[in-house]
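Written below as structure tokens is the structure these notes are about.
By convention in this document, chain letters (A, B, ...) are assigned in the order of the sequence lines, proteins followed by strands, and residues within each chain are numbered from 1. Scope of the values below: all heavy atoms of this structure, side chains included, with no hydrogens, waters or symmetry mates.
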Amino acid sequence: MKLRNAMLAVLAASVALAALPWLLSDFLLALALSCIMYAGLAVSWAMFCGASNYLSLATAAFFGLGAYVTAWGAGALPYGLSVLAGGIVAAAFAAMVGAAVLHLRGAYFAVITFGLGELVRHAITYYEKAYEGTVGRIIAEAPESTTVYWTVLLVSAAAVATAFAVREGRLGLALRGIGSDEERAQTLGVNARRSKVLAFALSAFFAGALGAAMAVRWTYIDPPTVFNPFIGFQTVLIAMVGGAHTIIGPIVSAVVFSLLTEFLRLQFPYLFLTLLGLLLILLVLYLPGGLVSLIERWRIGERWRWRRGDA
Amino acid sequence: MREALLSARRVSVRFGGLVAVDGVDLDVHAGELVGIIGPNGAGKTTFFHALSGVLVPTAGRLAVDGVDLTGRAAHEFANHGVARTFQTPRVFRGMSAEDNVRFGLEFAGRRRQHARDTFDNPAAILGLLGLADAAGAPAGGLTPARQRLLEIGMALGARPRVLLLDEVAAGLTLAEVEATAQLIRRVRDELGVAVIWIEHAVRVLLNHVERVAVLHQGAKIADGDPRKVAKDPAVVEAYLGEEVPA
């Protein structure tokens with residue numbers, strides 16, 4: 001029941017957002033696109049990392065892999081198909097790597113996944129130089145910007161719907177158990193390795209598909225652009241600031257972040273990264289539970305007041 | 001003779017030079033309630049780790065209902081019906097008590113149906129344990145004694161065929177210990193499971209089990225009727241003259 005309501009809400013929100021191209025200027029539509037992309041990335045990151053307490057910095061690797069699938073397939077693959085292929089390649093890569101490194105935890109896992117992004121970036125740089133004789137690629141036939149918008153919206157909506165399904169299902173329960181006490185979860189019948197690899201690959205699928213969908217926005221792509229670690233950090237920060245154990249938190253936070261980044265960039269073009277950093281430090285210091293914790297705090301306060309009035 | 005539900009053959013666990021469990025044989029049949037006692041450091045908990053797949057024994061073989069599970073992962077032991085509690089409660093602290101019980105039902109417990117299942121849902125299991133009022137509360141906020149009870153509930157959720165209880169009565173008052181023992185017998189009678197129960201407090205255990213095994217320095221030195229075992233010279237020796245009441 002709860003899941004059905006969530007799915008209906010996702011569907012309603014997607015339909016409403018799909019109308020934006022007719023309502024917004026090009027500038028505002030680009031802003032909306034950025035909000036929706038980061039919402040998709042942050043929700044798919046939190047799908048695995050939020051419940052299982054893993055810190056993955058591999059988002060940039062999956063995103064970049066997806067983007068390169070589009071670049072390599074340009075001309076041969078239709079846009080929609082390259083988005084799907086980008087997701088599948090990223091998921092397959094995540095499953096392969098995950099099987100090898102998901103027994104690591106904490107800082108070790110974070111460092112390995114960060115290194116993974118660098119590894120893929122350098123591997124692609126080398127391959128392109130040595131065998132294709134190029135450093136970057138031009139995507140000549142880019143689809144309409146509205147097509148890109150709808151595609152990114154579709155992928156992000158699918159990520160949110162999947163996140164709800166995972167959370168309400170057995171995989172989500174297994175991940176929460178693993179995040180809380182992995183060995184205890186195993187003694188109750190959870191195949192921890194399989195659950196983790198599956199969830200890691202699922203979360204990589206959406207990051208890869210989003211990378212593949214966004215690649216055409218750049219018209220020229222090279223490894224430093226699409227494997228930009230900033231994309232990975234931004235995703236993690238958005239999810240953590242929003243509250244990685246929730247689904248709505250990262251969505252709200254993605255919107256707030258994207259709008260704030262844009263506002264600061266326009267108002268303080270030279271200081272905006274400094275201001276963004278300062279804001280982050282303040283948020284982490286004073287709101288470690290994320291933005292959703294504000295609502296949770298307010299709710300607890302309400303209940304408390306209500307009880308006191310009742311007594 | 002019918003086949004044992006759980007069978008350990010010459011199981012040893014070594015940590016470097018230390019032999020924690022030394023060639024222990026143990027057969028437990030369905031419906032049996034077996035106690036394991038032994039002085040501190042006798043290897044009781046380490047033996048449980050081996051029986052539940054948490055730790056792979058250095059030597060020996062383990063089988064559940066005739067299936068050899070030696071060297072397999074903990075979740076496979078759970079899926080074959082071995083469920084356990086931990087001495088220091090390891091409940092999922094952030095989850096509600098109800099979700100803690102539901103956890104086993106969703107994983108290892110999905111594979112089995114008990115013949116007469118009175119405890120087939122979280123509410124019934126929590127009710128049996130007297131935790132019905134805590135169903136919605138985060139498990140981490142329960143008192144240690146209630147977390148210990150919840151540990152039993154988590155194991156019951158896995159619909160065990162063999163239930164391993166590690167010092168579930170520690171830190172309880174005498175009345176609570178009595179109630180817990182009644183509960184364990186009831187679970188055994190109603191579900192027909194085999195129960196292996198470790199307790200550091202010898203007196204408590206001997207009053208409630210029908211068979212007891214004694215571990216000393218990792219080796220099994222006695223196994224049988226509690227009254228006979230309590231008078232066994234080797235057992236009295238192991239406890240260094242400590243009185244072992246029947």
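Most heavy-atom pairs under 4.5 Å with chain B, from the set A:E183, A:H245, A:R170, A:R176: that is A:R170.
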Self-check item: Working for side-chain contact (heavy atoms from CB on, under 4.5 Å), residues B:H75 and A:R193
Solution: CA-CA 10 Å; B:H75 71 266; A:R193 191 181 153 95; over 6 Å; no
Quiz item: Would B:F107 and A:V190 satisfy side-chain contact (heavy atoms from CB on, under 4.5 Å), going step by step from the backbone distance to the final call?
Solution: CA-CA 6 Å; B:F107 295 101; A:V190 171; 3.6 Å; yes
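Expressed to the nearest 0.5 Å, how far CG of B:N100 lies from OG of A:S180 amounts to 7.5 Å. For the atom pair CZ of B:R93 and CG of A:D181, the computed distance is 10.5 Å after rounding to the nearest 0.5 Å. Separation of atoms OG1 (A:T187) and CZ (B:F77) is listed at 12.5 Å; rounding is to 0.5 Å.
In this structure, the portions of B:R90 lying under 4.5 Å from any heavy atom of chain A include both its backbone and its side chain. In this structure, the portion of B:R110 lying under 4.5 Å from any heavy atom of chain A is its side chain and not its backbone.
In this structure, A:R184 contributes its side chain and B:F92 its backbone to no donor-acceptor pair below 3.5 Å.
The neighbour count for A:R105 CZ, taken as heavy atoms of other residues, nucleotides or ligands under 6.0 Å away, is above 12.
Among all heavy-atom pairs drawn from A:G189 and B:A78, the shortest one is N-CB, 3.4 Å.
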